[in-house]
Amino acid sequence: MKFKTLFILCLLLMGQALMMPVTSANELKKIRFGSDPDRYRLVLELSAKNDYKTRWHKNAFSVIFNQLELKNKINVPQDAKSHGVSLEKTKSGYILHLTINRQQLKKIFTIPAKGEQSYRVVIDWSDKIKSKTQERVEDTGHGLLSDIEEVKTFNYRGFKLNFSEPMQLISIVPREKSKEFQVRLRALLQHTILFQRTVLQWQPSVAMPLRTVELQRDPTGDFIANISFADAVTVKTFQGKKLRSLEFRIVRQNVSATTGENLWTKAKTALAEGRYDKAILLMTQLRKTGNNKQQKLAQEFIGVARERKGQLAFARDEYKRFLKEYPDTPEAKRVQQRLDALIGLETLAKDRKLKNRSRSRRKNSRGWANYGSLSSDYRYTGTVDNNGDYRNSLSLLNIDADVTGRYRSDDYELQVRFSGGHYEDLLPSSSATTERLRYLYINAQTADNKYKARLGRQRTHKGGVIGRFDGLLLSAETFEDISINLVSGFPVDSSRITSIDTERVFYGLNVDFDNIWKDFDFNLFAIQQDIKGGLIDRQAVGGEARYVSGNNSFFSLVDYDTHFKSLNAFLVNGNHRFENDTRVNWSVNIRKSPYLSTRNALIGQPADSIQELQLLFITDAEIQDLAIDRTLESKSASVQISMPYTDDIDFSGSLTWLNLSAAPASGGVPAFASSGSQFYLNFQATGRKVLTSRDTSYVGIRYSSLNTSKIFSIYGNSRLPWGKKSYFNPKIRFDFRNNTNGSSQFNISPSLRYQYQEKKHIFYAEAGMIYFVTQIPNFNSQNTTIYFAYMGYRYSF
C-alpha cells in the first residue's frame with residue numbers, strides 16, 4: 001500500500017468519534033467498591049435490558065444508565081452522599097456520580113431488584129497515575145530523559161524514569177534504606193554523544209518523597225542517575241517493558257522484623273480466621289523478605305486471600321504473576337486451576353479490554369494547565385599556554401525556557417510545548433551568538449491513548465527516524481495491542497537551526513506489536529528520505545525486538561538500507577540479574593558511522609548542500625560514491641559485570657573491543673586509516689558512606705589500548721549532601737598517555753560543583769581546571785592549563 005494512502009487512512013482513523021462500550025442489562029442490582037486503598041474498583045451487577053456507558057471528568061467517575069428499568073427506588077445511604085456518591089435523574093435514565101477518594105470508597109450499596117439472573121461488570125482504573133507535578137520534569141537539554149511518571153498499584157507506590165532511547169540498567173547503590181541512590185545506566189543506541197547534566201525537580205509528599213533526579217555522564221561513557229528523596233526509603237529497581245523506562249518501587253516496611261517462619265504462621269492464621277487484610281499485609285511482607293520457598297507460597301496465597309475477600313480481578317492478577325515467576329513448579333498446575341475458575345466468571349476478552357482501558361485513565365483535572373521552567377547560566381573558559389600567555393576562549397550567557405500548555409477534557413487532550421533559548425557570546429568580535437530551538441509542537445490524543453497526532457519540531461529514535469525533525473507523527477491503535485504509526489517531516493541536524501530546512505524530506509511507516517507473545521514486543525519500520533532534486537538520501541527497513549521478563553532482558557535492532565544495499569546497524573544486547581543482584585550485560589554492535597546516507601558526501605567538501613555539489617559538476621553517481629567513502633563502519637563488542645560486595649558497596653568491570661574501518665582518499669579528502677583493534681578495560685567501585693555518613697562516591701581505573709597509544713586513567717566522583725537542601729560534588733581525573741612515536745602526556749582535571757534547591761528554585765555553580773603536560777622527544781615539555789567555571793539558576797512553575 002502506498003504511503004500516501006496510509007496517511008489518509010490514519011487521518012480518518014484519528015478523526016473518528018470514540019464510542020464507549022455499551023452492554024445490555026436488565027436492572028441495576030448491586031454496586032460494590034473494592035477495599036484496597038491503593039486502587040479504585042467499582043463492581044456493578046446488572047441483569048438484561050439496561051444500557052450503560054462510562055464518562056470521566058476531574059476527580060469523579062460517572063456511570064450513565066440509559067433506559068433504566070427500576071422495580072424499586074435506588075437507595076443511596078446518607079453517609080455515602082458525604083463520600084461523593086449521588087444519583088441524578090435525567091430524561092433518558094439516571095446518572096450515578098462517584099467522587100474518587102481511595103480512603104472512603106469502601107461501602108457496599110445494595111439496590112433491591114427482582115430476578116435471579118445477573119450480569120457482572122468490573123471497572124478498574126488508576127493503576128498508574130501521572131500527576132501535574134510529574135509532567136513538569138521534561139528534560140530541557142539533550143532530551144534523553146523525557147519525563148517521570150508516578151506508578152500506583154495495590155502492592156506498591158513508585159515512579160518511572162522514561163527515556164527517549166533504550167537504556168540498560170547496570171547497577172544501583174545502595175540496596176538498603178537511604179535518601180540518596182546512584183543508578184548506573186548504558187545507552188544502547190549510542191546516539192548520545194554530547195550530553196549536559198540534567199536536573200529534574202520534584203515536589204515531595206509523604207507517599208512519594210522524591211526530590212530530584214540528576215542525570216550526568218561519567219568517564220566510561222555510562223550515565224549516572226543520582227536520585228534523592230526527602231525521607232529515607234528502600235527501593236527496588238526494574239527494567240521497563242520496552243527498555244525505554246526504569247521503574248523504582250518504594251518498599252514499605254509495615255511489619256516488624258521477625259523470622260520468615262513466624263511471619264508465615266501468622267499469615268496462615270489470619271487467612272484461616274478470615275482476617276484477609278492482615279493476611280495480605282503479612283504475606284506481602286513475606287514475599288519481599290522470605291526465602292525462595294516462602295516467597296513462592298506467599299505469592300500464591302495473596303491471590304487466595306484476595307479471592308476470598310471478593311477482589312476477583314486482583315486475585316486473577318496475583319495468580320498470573322505467580323505463573324509468570326514460577327511457571328515450572330509443582331504448584332503452578334494448582335494455581336492455573338484457580339485462575340481458570342476466576343476467568344469463568346468473566347470472559348478473557350472483556351477482562352483484557354477493561355484492563356487496557358484502565359491503564360489509559362489518568363487522575364488529572366480538566367481544562368488548561370501551564371507548567372515548565374526558566375533557566376539562565378553563565379559559562380567561562382580561559383587557557384594559559386606554555387609561555388604564560390592567557391586567552392579567554394569562552395564567555396557565554398544563555399537564557400532557556402521550556403514551557404508547556406495543556407488542555408484536557410473527558411475525551412481528548414491537547415498539548416503545546418516550546419523549548420529553546422538564546423546564547424549570547426560575550427567575547428569581543430565574536431559571531432557565535434545563537435538561538436536554540438529544541439521543541440515546538442502541538443500534540444493531540446484521545447483520552448484512552450489509542451489515537452495520537454503530533455505536529456512541529458519533535459524528537460524520536462523510533463521507526464528508523466534519527467533524532468529531531470520538523471514534521472508530523474500520527475499513531476492509531478487499530479487492533480488490540482497493535483499500533484500503526486505514520487511519520488513525515490524534515491530532518492533537523494542541530495537545535496541551532498531555528499527554521500525549517502526543506503533540503504531533505506522523509507516519510508515512514510512503523511508498526512508496534514505489544515504483548516503478541518509473553519514478555520515480548522517488537523516494532524517494524526520502513527522509511528524513505530529524499531533530497532531536493534531527485535536523489536534518494538536514505539531508504540531503509542528494519543525493526544526493534546525487546547524481551548523483558550523477571551531477571552532477564554534482551555534488545556535487538558536492525559536497520560538495512562535498501563538503496564545502498566548495505567546494513568546500517570545491527571545491535572544485540574542482553575542483561576541478566578542473578579539472585580544476589582549481580583548483573584551481567586553484553587552487547588554486539590555493528591553500525592555505519594554515521595548512518596549511511598547520500599548527504600554524507602558533504603563531509604570534507606566546500607559545500608553546504610547537495611545542490612551546491614551538483615553545481616560543482618559532480619554527477620549523481622559520484623555523489624553516491626563520495627557518500628559511501630565518507631561512511632565508516634564501526635564494530636564493537638562488550639561485556640560488563642556489576643556485583644554487590646555489601647549493601648553499600650558495588651564492584652563493576654567491563655571489557656570493550658572496538659574497530660573503526662578505513663576510508664579511501666576521494667573528492668579531495670585524505671584517506672582515513674583503520675583504527676585497528678582497540679581494547680578498553682575498566683574497573684570501578686561505588687560506595688555509600690565512604691567520606692561522610694551520607695555521601696555516595698565512586699572511584700575507577702581505566703586502561704585503553706589503541707593503535708597509536710596506551711592510556712591509563714584514574715578517576716573519582718563524590719556527592720556530599722550538605723543539610724537538607726544542598727550538596728557538594730567534587731570530581732577528579734588523572735590520565736597518563738604513552739604514544740608510539742615516543743611522546744607522552746599527563747593531565748589532571750579536578751572540579752567542584754555546589755547546588756542548592758529550595759522547592760521550585762535551584763542555584764548551582766561549578767569550577768575546575770584541566771592541566772596538561774606534554775613530553776616530545778628532543779623538545780622541552782609543554783604545559784597548558786584550562787580553567788572553567790559556570791553558575792546558574794533554574795525556576796520551575
Side-chain angles (χ1 to χ4, degrees), residues 32-44 102 105-106 120-129 149-158 160 236 238-241 247 249-252 267 271 276-277 279-288 295-327 329 331-363 480-481 514-515 517-521 548-550:
R32 181 167 59 80
F33 297 97
S35 61
D36 193 284
D38 284 332
R39 184 182 285 193
Y40 318 125
R41 169 154 291 149
L42 172 66
V43 179
L44 307 178
R102 65 190 178 95
L105 292 185
K106 299 181 181 180
R120 183 182 180 85
V121 179
V122 179
I123 300 175
D124 183 13
W125 74 98
S126 290
D127 181 50
K128 296 178 182 178
I129 297 176
E149 177 183 353
E150 185 177 1
V151 178
K152 297 175 66 175
T153 72
F154 58 89
N155 279 329
Y156 62 88
R157 295 287 294 273
K160 279 185 179 181
K236 287 190 175 182
F238 298 87
Q239 190 75 62
K241 175 65 176 174
E247 183 172 325
R249 299 178 184 178
I250 298 177
V251 180
R252 301 292 182 182
L271 184 63
Y276 301 126
D277 287 336
I280 292 170
L281 185 66
L282 292 169
M283 285 186 286
T284 299
Q285 180 65 16
L286 186 64
R287 184 171 61 185
K288 299 172 185 176
Q295 289 178 346
K296 180 174 61 175
L297 290 172
Q299 179 60 53
E300 177 185 0
F301 282 92
I302 288 175
V304 173
R306 291 195 178 277
E307 182 179 357
R308 294 182 182 179
K309 191 180 177 183
Q311 298 178 334
L312 300 186
F314 284 173
R316 185 173 59 251
D317 291 343
E318 295 294 350
Y319 292 149
K320 287 182 178 179
R321 179 174 175 178
F322 182 97
L323 294 173
K324 179 180 178 180
E325 296 182 359
Y326 309 102
T329 59
E331 297 84 0
K333 182 177 180 180
R334 180 176 66 209
V335 174
Q336 185 65 58
Q337 291 173 347
R338 295 183 188 275
L339 178 61
D340 291 341
L342 286 181
I343 293 177
L345 299 176
E346 305 173 73
T347 65
L348 277 172
K350 177 171 287 297
D351 172 68
R352 194 171 191 183
K353 194 172 186 179
L354 292 173
K355 183 178 179 181
N356 287 338
R357 189 189 309 164
S358 72
R359 289 178 176 176
S360 69
R361 306 304 185 185
R362 291 180 290 181
K363 182 186 173 185
E480 189 172 22
D481 294 331
D514 294 329
N515 303 313
W517 293 291
K518 184 179 179 181
D519 303 320
F520 179 81
D521 60 80
V548 180
S549 176

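All values derive from a computational prediction rather than experimental measurement.
Between F301 atom CZ and E307 atom CD the span is 11.5 Å, to the nearest 0.5 Å. Annotation: the span from L297 atom CG to I302 atom CD1 amounts to 11.0 Å, rounded to 0.5 Å. Between atom CG of residue D317 and atom CG of residue L312 there is a gap of 11.0 Å, rounded to the nearest 0.5 Å.
With a 4.5 Å cut-off on side-chain heavy atoms, I280 and T284 count as touching. Within the 4.5 Å cutoff, no side-chain heavy atoms of V548 are placed close to those of F238. Side-chain contact between K309 and F314: absent, with no pair of heavy atoms (C-beta onward) separated by less than 4.5 Å. In this structure, the side chains of V304 and Y319 come closer than 4.5 Å at one or more pairs of heavy atoms. By the 4.5 Å heavy-atom criterion applied to side chains, Y276 and Q311 are not counted as neighbours. The shortest side-chain heavy-atom distance between M283 and R287 does not fall under the 4.5 Å cut-off.
Residues A267 and A279 come closest through the heavy atom pair O-CB, 3.8 Å. F322 approaches E331 most closely through the heavy-atom pair CZ-CB, 3.8 Å. The minimum heavy-atom distance linking G303 with A315 is given by the pair O-CB, 3.4 Å.
Checked against salt bridge (Lys or Arg N to Asp or Glu O under 4.0 Å), R308 has no partners two or more places apart in sequence or in another chain. Applying the salt bridge (Lys or Arg N to Asp or Glu O under 4.0 Å) rule to E300 yields the partners R334, R338; only residues at least two apart in sequence or on another chain are considered.
Proximity of a side-chain donor or acceptor of Q299 to a complementary backbone N or O of E318 within less than 3.5 Å is detected.
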